[in-house]
Amino acid sequence: MTQSSTTSQAAGTGDLSRGITGRGFWSSRLAFIMAATGSAVGLGNVWKFPYITGENGGGAFVLVYLLCIAVLGLPILMAEVLIGRRGGHSPVNSVRLLASQSGLSGRWAWMAGMGVLAAFLILSFYSVIGGWAVSYVGTSLSGQFTGQDAEQIGALFSGLLADPGKLLLWHSVFMGMTMLVVARGVRGGIERAVTILMPTLFVLLFIMVGYAITTGHFGEAVAFLFWPDFSKLTTEGMMMALGHAFFTLTLSQCVMVAYGSHLRKDVSIASTAVTVSVLDTVVALLAGLAIFPIVFSNGLEPGAGPGLIFQTLPLAFGQMPFGNLLATLFFVLLVFGALTSAISLLEPVVEWLEEKKGMNRFGSTLIAGGCCWLLGVGTVLSFNEWSGFTPLDMFATFEGKTLFDLLDYLTSNIMLPLGGLLVAVFVGWRMSRKALEEELSLRGPWFGLWYGVLRYITPVAVITVFIYNLL
Ligand code: TRP
């Protein structure tokens, strides 16, 4: 991380959550924003948001998603950063400390444990999708998109999915890169790179939107994304919108708690959290605005599923001037966005192994990354050999879901919202109001607004969506 450590053991060992001794602070508010945005912005914005929007019929889903970000995601993001900064330790210990200060059971620390588990499960399939992006870097470089029509581009993608060997290779490459960075703890380097790469991704998305405007179907896409048709909204869709708000902001996984513990006391948590949420949302919406005009102008199916961006953007690249160059750049940046998210999630697991089991960094990275890689093989096979393997068919909710679908569902739709609910209850109902006021130092009605939302709206919303989904 771009942090100035108070001791000499800084960057080399990746010491983000190292207990009281030697805990550094972010060098600036901007450094925190960059790191948090690096974790938040990734495949969730560019890959997942467009495809679940397509599957759920557009506008109404987007509206619910935006509401979820504003009303649930943002307050919980603030609450997590607050836990971290007030606790000043690694996530588990911060929660334990704050719980004991309020005379609560140490079992609240389990909340953090579930978060680490969710992160681990997500990373296992995230790496497979990250692998698709890596593979598309090669495809772009070799100019395979040039002049292809929708069918040929589609065949290119289905060819990749049908080949377990290729998927495994790229999954291994992605996980390998993540492990390499985490094992060497080259935080300074990667963070510095991110401060250049993320803005470039932003610019590139703008160029893509610019191209999308020329397709003549931009208006249709805008209407699709922003004109709510509530007849298309299902309860499962609402659940997905809720879960995705947590997924995309990397909530409930201790990441924001860990990052918050390195934030200086004089930085405003609220305005920082707003900045991160807005940046994350803007990237997702830009991706949608770049993708859907291409979908409509080529008569593609918006509900095509996880392959959506891999079947649409290459079409556009194939027709643009300098298309191969731009495509290569785009997929490289996408891989970087995905890597910064992946690193932020492997790091806590590795630190936990180091702290608890006394392993060295190399060994713990190998074990954590290795287990995650192994689980990822299940996702690799979900797209080919095991595509008919839907083990939980006996439950209506899980019917027809492959291993990948199940992992995605379990983490995004159940574990993350549940974690968010616990954070809201912990901070909203269990910590003293005085402590919260002190930590947030919000003026006027803002504190009351945040507090009220966290205490009443967040729990009620999460529980309602849960119950609806079970009925
Ligand atoms: N926030 C990341 C994104 O939008 C995704 C993410 C959330 C993630 N939790 C994760 C990635 C755990 C890897 C592991 O892309």
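Since we're looking at a predicted model, the values are computed, not measured. Throughout, numbering of the chain's residues begins at 1 and tracks the sequence.
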**Fill in**
Closest non-hydrogen atoms of Ser344 and Val255, given as atom of the first, atom of the second and distance, are O-CG2, 3.5 Å
**Request:** For His89 and Leu97, indicate whether the former's side chain and the latter's backbone hold a donor-acceptor pair under 3.5 Å.
**Result:** no
**Euclidean distance, Met175 CE relative to Leu346 CG, rounded to 0.5 Å** = 7.0 Å
**Request:** Decide side chain to side chain donor-acceptor pair (under 3.5 Å) for Lys48 and Thr248; before the verdict, give the C-alpha distance in whole Å, the side-chain angles of both, and the deciding distance to 0.1 Å.
**Result:** CA-CA 9 Å; Lys48 196 170 177 189; Thr248 187; over 6 Å; no
**Request:** Go through the steps for Ile122 and Leu345 under the test side chain to side chain contact (heavy atoms under 4.5 Å, CB included), then give the verdict.
**Result:** CA-CA 9 Å; Ile122 292 178; Leu345 271 300; over 6 Å; no
**Message:** Contact between Phe25 and Leu263 at the side-chain level, heavy atoms closer than 4.5 Å - yes or no?
**Reply:** no
**Item:** Which atom of Ile76 lies closest to which atom of Gly420, heavy atoms considered
**Value:** CD1-O, 3.6 Å
**Message:** Between Thr458 and Val453, is the side chain to side chain contact (heavy atoms under 4.5 Å, CB included) condition met? List the steps.
**Reply:** CA-CA 6 Å; Thr458 309; Val453 167; 3.9 Å; yes
**Fill in**
So CD1 of Ile129 and CG of Leu334: to nearest 0.5 Å the spacing works out to 11.0 Å
**Neighbour count >12 (heavy atoms, 6.0 Å) for atom CZ, Phe230** = yes
**Message:** Can you confirm whether or not the ring centre of Tyr51 sits under 6.0 Å from the ring centre of Trp47?
**Reply:** yes
**Message:** So that I know where these two stand, are His244 and Tyr65 an aromatic pair - ring centroids less than 6.0 Å apart?
**Reply:** yes
**Prompt:** Do Ser387 and Leu161 come within less than 4.5 Å of each other through their side chains, counting heavy atoms only?
**Reply:** no
**Request:** For this output row, return yes or no: ring centroids of His171 and Phe174 closer than 6.0 angstrom.
**Result:** no
**Asked** Checking side chain to side chain donor-acceptor pair (under 3.5 Å) for the pair Thr272/Arg29: CA distance, chi angles, key distance, verdict?
**Response** CA-CA 8 Å; Thr272 314; Arg29 171 171 178 261; 3.3 Å; yes
**Request:** Give a yes or no on whether the backbone of Gly131 and the side-chain of Ser135 come within a donor-acceptor separation of less than 3.5 Å.
**Result:** no
**Message:** Could you check whether any side-chain N or O of Ser341 sits under 3.5 Å from a backbone N or O of Gly337, counting only pairs where one atom can act as donor and the other as acceptor?
**Reply:** yes
**Message:** Nearest 0.5 angstrom please: Leu436 CG to Ile269 CD1, how far?
**Reply:** 10.0 Å
**Prompt:** Taking the six-membered ring of Trp429 as reference, does the NZ or CZ atom of Arg455 fall below 6.0 Å from its centre and within a 45° cone about the axis?
**Reply:** yes
**Prompt:** What do the steps show when you test Val283 against Leu205 for side chain to side chain contact (heavy atoms under 4.5 Å, CB included), and what is the final call?
**Reply:** CA-CA 8 Å; Val283 173; Leu205 274 172; 3.7 Å; yes
**Request:** Say whether Thr390 and Asp393, considering side chains only, have a donor N or O and an acceptor N or O under 3.5 Å apart.
**Result:** yes
**side chain to side chain contact (heavy atoms under 4.5 Å, CB included) partner of Leu407, the single match among Ser382, Ser412, Ser124** = Ser124
**Heavy-atom closest contact (Glu55 atom, Pro306 atom, distance)** = OE2-CD, 4.4 Å
**Asked** When you measure from the side chain of Tyr136 to the backbone N and O of Phe330, does any donor-acceptor pair fall under 3.5 Å?
**Response** no
**Request:** With the side chain counted from C-beta on, respond yes when Leu233 and Leu63 share a heavy-atom pair under 4.5 Å apart, and no when they do not.
**Result:** no
**Asked** Hey, are the side chains of Leu168 and Val128 touching, using non-hydrogen atoms and a 4.5 Å cut-off?
**Response** no
**Request:** Determine the minimum heavy-atom distance between Pro459 and Tyr456, stating which atoms define it.
**Result:** CD-O, 3.4 Å
**Message:** Is it the case that the side chain of Asn45 and the backbone of Gly42 share a donor-acceptor pair, with hydrogens and angles ignored and the cut-off at 3.5 Å?
**Reply:** yes
**Message:** Donor-acceptor pair, distance only, cut-off 3.5 Å: does the side chain of Thr365 make one with the backbone of Arg361?
**Reply:** yes
**Message:** Given 3.5 Å as the limit, does a donor-acceptor pair link the side chain of Arg85 with the main chain of Ser261, or not?
**Reply:** no
**Message:** With a 6.0 Å cut-off on the ring centroids, do Phe331 and Trp132 count as close?
**Reply:** no
**Prompt:** Roughly how far apart are Ile457 CD1 and Leu67 CG, rounded to 0.5 Å?
**Reply:** 11.0 Å
**Message:** Please report the interatomic distance CE(Met177) to CZ(Phe336), rounded to the nearest 0.5 Å.
**Reply:** 8.0 Å
**Item:** Name of the residue among Val274, Thr281, Val276 meeting side chain to side chain contact (heavy atoms under 4.5 Å, CB included) with Val278
**Value:** Val274
**Asked** So, do Cys68 and Phe246 sit near enough that their side-chain heavy atoms are less than 4.5 Å apart?
**Response** no
**Asked** Does Leu353 offer a backbone N or O that forms a donor-acceptor pair with the side chain of Ser364 under 3.5 Å?
**Response** no
**Asked** Does Arg86 pair with Glu80 as a salt bridge, N-O distance under 4.0 Å?
**Response** no
**Request:** Check the pair Phe61 / Val64 against side chain to side chain contact (heavy atoms under 4.5 Å, CB included), numbers first and verdict last.
**Result:** CA-CA 5 Å; Phe61 175 84; Val64 176; 5.8 Å; no
**Whether over 12 other heavy atoms sit under 6.0 Å from Lys434 NZ** = no
**Asked** Do the side chain of Ser102 and the main chain of Leu104 share a donor and acceptor less than 3.5 angstrom apart?
**Response** no
**Request:** Ignoring hydrogens and angles, state whether a donor on the side chain of Ser39 or Thr250 is under 3.5 Å from an acceptor on the partner side chain.
**Result:** yes
**Minimal non-hydrogen separation, Pro164 against Glu385, with atom names** = CG-OE2, 3.6 Å
**Fill in**
Rounded to the nearest 0.5 Å, the CE atom of Met256 sits from the CD1 atom of Ile83 at a distance of 13.5 Å
**Prompt:** Can you check whether Phe404's main-chain N or O pairs, donor with acceptor, with Asp408's side chain at less than 3.5 Å?
**Reply:** no
**Prompt:** Which atoms form the tightest heavy-atom contact between Ile309 and Pro50, and what is the distance?
**Reply:** CG2-CG, 4.4 Å
**Prompt:** So with a 6.0 Å cut-off around CZ of Arg433, is the heavy-atom count from everything else above 12?
**Reply:** yes
**Prompt:** Hey, does Lys265 have a side-chain heavy atom less than 4.5 Å from the side chain of Glu439?
**Reply:** yes
**Asked** Are any non-hydrogen side-chain atoms of Phe426 and Leu421 less than 4.5 angstrom apart?
**Response** no
**Between Thr402 and Trp386: side-chain donor-acceptor atoms closer than 3.5 Å** = no
**4.5 Å side-chain heavy-atom contact, Val41 and Val46** = no
